[in-house]
Novice: 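Sharing a structure with you now.
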Amino acid sequence: MPELPEVQTVVTTLRPLIVGRVIAGVNLLRTDIVRPGGVDLPSRLLGRRIRAVDRRGKRILITLDDRGRFYVHLGMTGQLTVESPEAAVRPHTHLVLEFGESACLRFRDPRRFGGVFWIGADSDAATGLGPEPLDLKPSDLATRLAKTRRAVKNALLDQRVVAGLGNIYVDEALFEARVHPLALACELTPEEVRRLNSAIKKVLRRAIRHRGSTLRDYMDAEGAAGEAQKLHRVYGSEGKPCRSCGSPVQRIVLGGRSTHFCPSCQMRARVRRAKRRLSGRAPGP
DNA sequence: GTCCATGTTCTTTA
DNA sequence: CTAAAGAACATGGA
């Protein structure tokens with residue numbers, strides 16, 4: 001579930017609940033969710049006060065009062081919630097931080113694609129990540145896309161290109177920008193890159209305003225589901241009429257992932273030129 | 001039983 | 001050698 005809007009929503013709901021609190025107990029129920037493998041997480045957390053909660057890409061970064069840091073990655077099914085210690089511990093809960101009588105922080109993740117990553121005080125929390133899409137300038141995006149011959153959809157899913165997009169919001173952004181997912185990243189026109197840059201921000205901001213998309217597992221730190229799934233235009237809408245032109249939304253598999261788009265609104269530039277020729281209309285400027 | 005799933009990383013191929 | 005495609009990871013729901 002967790003792409004940038006979901007992770008941002010977890011961070012903003014989590015922050016006021018845990019910043020300033022002292023970790024009075026650590027219960028690590030599965031050690032293999034901690035990375036790197038050898039780190040003794042409980043001893044690094046016990047007795048520490050939480051100083052900050054931030055987001056970088058899809059990483060939830062937690063800073064302690066001794067400058068030690070770790071991040072939680074939610075993978076596909078991860079949840080990070082603040083609950084009463086009295087509340088039943090659900091299956092697949094892997095880590096619990098106790099703050100006292102009133103609250104505890106629980107990390108659960110059935111598929112275990114996520115994890116808890118200790119990074120210490122000095123190493124870079126953003127290693128392997130490209131820039132934040134909400135700060136991205138069209139020229140930055142253009143430079144990055146120009147470096148690869150992959151399909152633009154695959155390039156945008158690569159966290160080293162831009163950090164935070166996933167399968168849902170890439171499809172939504174490409175639709176908003178009217179760019180075909182199979183278009184080669186390095187062959188987009190400057191105008192298409194500009195539209196794509198704006199579309200990414202628009203789609204992400206709108207999803208954040210609606211507290212992220214809940215399709216199945218996603219919830220914020222208070223256990224609340226998001227509403228942004230109601231705004232999806234193409235994701236999960238195979239066969240439904242395009243909101244813009246009415247053509248059926250198509251689903252293809254790209255890089256092993258479902259990819260949804262409108263074949264009429266998101267025509268590849270080359271195909272669009274050919275169709276104009278066939279229909280005898282004058283070519284555009 | 002089958003297929004599918006909001007992600008990342010390791011392996012194989014070109 | 002590098003870039004890109006594919007497989008693998010683990011669990012649950014339709």
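What you see is a predicted model; the values in this text were computed from it and never measured. Numbered from 1 within each chain, the chains take letters A, B, ... in sequence-line order. Every heavy atom of this structure was used, including side-chain atoms; hydrogens, water molecules and symmetry mates were not.
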Novice: Hey, are the side chains of A:Leu254 and A:Pro181 touching, using non-hydrogen atoms and a 4.5 Å cut-off?
Specialist: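 Yes; the side chains approach each other to less than 4.5 Å.
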
Novice: Send over the distance from A:Leu74 CG to C:dA10 P, rounded to a whole Å.
Specialist: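 Distance check: A:Leu74 CG to C:dA10 P gives 19 Å.
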
Novice: From CD of A:Gln79 over to P of C:dG12, roughly how many Å is that when rounded to an integer?
Specialist: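 It is 13 Å, rounded to the nearest whole Å.
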
Novice: Please name the residue in the list A:Val170, A:Val249, A:Asn167 that meets the side-chain contact (heavy atoms from CB on, under 4.5 Å) test with A:Tyr235.
Specialist: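 By the side-chain contact (heavy atoms from CB on, under 4.5 Å) criterion, A:Tyr235 pairs with just one of A:Val170, A:Val249, A:Asn167: A:Asn167.
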
Novice: When you compare the side chains of A:Gln8 and A:Arg55, does any donor N or O come within less than 3.5 Å of an acceptor on the partner?
Specialist: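 Indeed, the side chains of A:Gln8 and A:Arg55 share at least one donor-acceptor pair under 3.5 Å.
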
Novice: Is the shortest heavy-atom distance from the side chain of A:Thr77 to the side chain of A:Phe113 under 4.5 Å?
Specialist: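 They are not in side-chain contact.
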
Novice: Could you see if A:Val39 belongs to whatever hydrophobic cluster contains A:Ile119? Use Ile, Leu, Val, Met, Phe, Trp, Tyr and a side-chain cutoff under 4.5 Å.
Specialist: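 In one cluster: no.
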
Novice: For the pair made of CZ in A:Arg216 and C1' in C:dA10, what is the distance, rounded to whole Å?
Specialist: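 Taking CZ of A:Arg216 and C1' of C:dA10, I get 14 Å after rounding.
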
Novice: Counting only side-chain nitrogens and oxygens, does A:Thr77 get under 4.0 Å of the OP1 or OP2 atom of C:dA10?
Specialist: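 Checking A:Thr77 against C:dA10: no side-chain N or O falls below 4.0 Å of OP1 or OP2.
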
Novice: What's touching nucleotides 1-3 of chain B from the protein side, N or O pairs under 3.5 Å?
Specialist:
none

Novice: Could you go step by step and tell me if A:Thr189 and A:Glu191 meet the side chain to side chain donor-acceptor pair (under 3.5 Å) rule?
Specialist: CA-CA 5 Å; A:Thr189 65; A:Glu191 166 61 17; over 6 Å; no

Novice: What distance, rounded to whole Å, do you find between the two P atoms, one in C:dC1 and one in B:dT9?
Specialist: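 To the nearest whole Å, 23 Å.
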
Novice: Distance check needed: B:dG7 C1' versus A:Glu3 CD, whole Å only.
Specialist: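 Atom-to-atom, A:Glu3 to B:dG7, this comes out as 9 Å.
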
Novice: Which whole-number value in Å describes the distance from A:His260 NE2 to B:dA5 P?
Specialist: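 Atom-to-atom, A:His260 to B:dA5, this comes out as 7 Å.
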
Novice: Yes or no on ring pair (Phe, Tyr, Trp, His ring centres under 6.0 Å) for A:Phe117 and A:Phe70, after CA distance, side-chain angles and deciding distance?
Specialist: CA-CA 5 Å; A:Phe117 298 72; A:Phe70 63 97; over 10 Å; no

Novice: Between A:Glu6 and A:Tyr169, does any side-chain donor sit less than 3.5 Å from a side-chain acceptor?
Specialist: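 Yes, because at least one side-chain N or O of A:Glu6 sits under 3.5 Å from a partner of the opposite role on A:Tyr169.
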
Novice: Reckon A:Arg160 touches a base, only the sugar-phosphate, or nothing at all at heavy-atom distances under 4.0 Å?
Specialist: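 Nothing, no heavy atom under 4.0 Å.
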
Novice: Can a side chain N or O of A:His92 be found less than 4.0 Å away from OP1 or OP2 on C:dA10?
Specialist: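 Checking A:His92 against C:dA10: no side-chain N or O falls below 4.0 Å of OP1 or OP2.
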
Novice: If pairing requires Watson-Crick or G-U wobble contacts with both distances under 3.5 Å, which nucleotide is the partner of C:dA10?
Specialist: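 Partner of C:dA10: none found under 3.5 Å.
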
Novice: A:Asp65 pairs by salt bridge (charged side-chain N to carboxylate O under 4.0 Å, His left out) with which of A:Arg51, A:Arg48, A:Arg21?
Specialist: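 Among the candidates, only A:Arg48 passes.
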
Novice: Could I get a table of every N or O pair under 3.5 Å where one atom is in the protein and the other is in nucleotides 8-14 of chain B?
Specialist:
from, atom 1, to, atom 2, distance (Å)
B:dT8, OP1, A:His73, NE2, 2.8
B:dT8, OP2, A:Lys58, NZ, 3.0

Novice: Counting side-chain heavy atoms from CB outward, which of B:dC4, B:dG7, C:dT11 is closest to A:Met76?
Specialist: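 Nucleotide nearest to A:Met76's side chain: B:dG7.
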
Novice: With rounding to the closest Å, how many angstrom separate the P atoms on C:dA10 and B:dT11?
Specialist: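 Rounded to whole Å, the distance is 15 Å.
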
Novice: Protein-nucleotides 2-7 of chain C N/O pairs closer than 3.5 Å?
Specialist:
from, atom 1, to, atom 2, distance (Å)
C:dA4, OP1, A:Thr148, OG1, 3.0
C:dA4, OP1, A:Arg149, N, 2.8
C:dA4, OP2, A:Thr148, OG1, 3.1

Novice: Is the shortest side-chain heavy-atom distance between A:His94 and A:Asp109 below 4.5 Å?
Specialist: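 SC-SC contact between A:His94 and A:Asp109 confirmed.
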
Novice: Side chains of A:Thr143 and A:Asp140 only: does a donor on one sit below 3.5 Å from an acceptor on the other?
Specialist: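 Looking only at side-chain atoms, A:Asp140 and A:Thr143 do not form any donor-acceptor pair under 3.5 Å.
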
Novice: C:dG12 C1' sits how many Å from A:Arg112 CZ, rounded?
Specialist: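 After rounding, the gap between these two atoms is 13 Å.
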
Novice: To the nearest Å, how far apart are A:Arg111 CZ and C:dG13 C1'?
Specialist: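 Computing the A:Arg111:CZ to C:dG13:C1' distance gives 11 Å.
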
Novice: Is there side-chain contact between A:His260 and A:Glu172, with at least one heavy-atom pair below 4.5 Å?
Specialist: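 Result no, sub-4.5 Å side-chain heavy-atom pair not found.
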
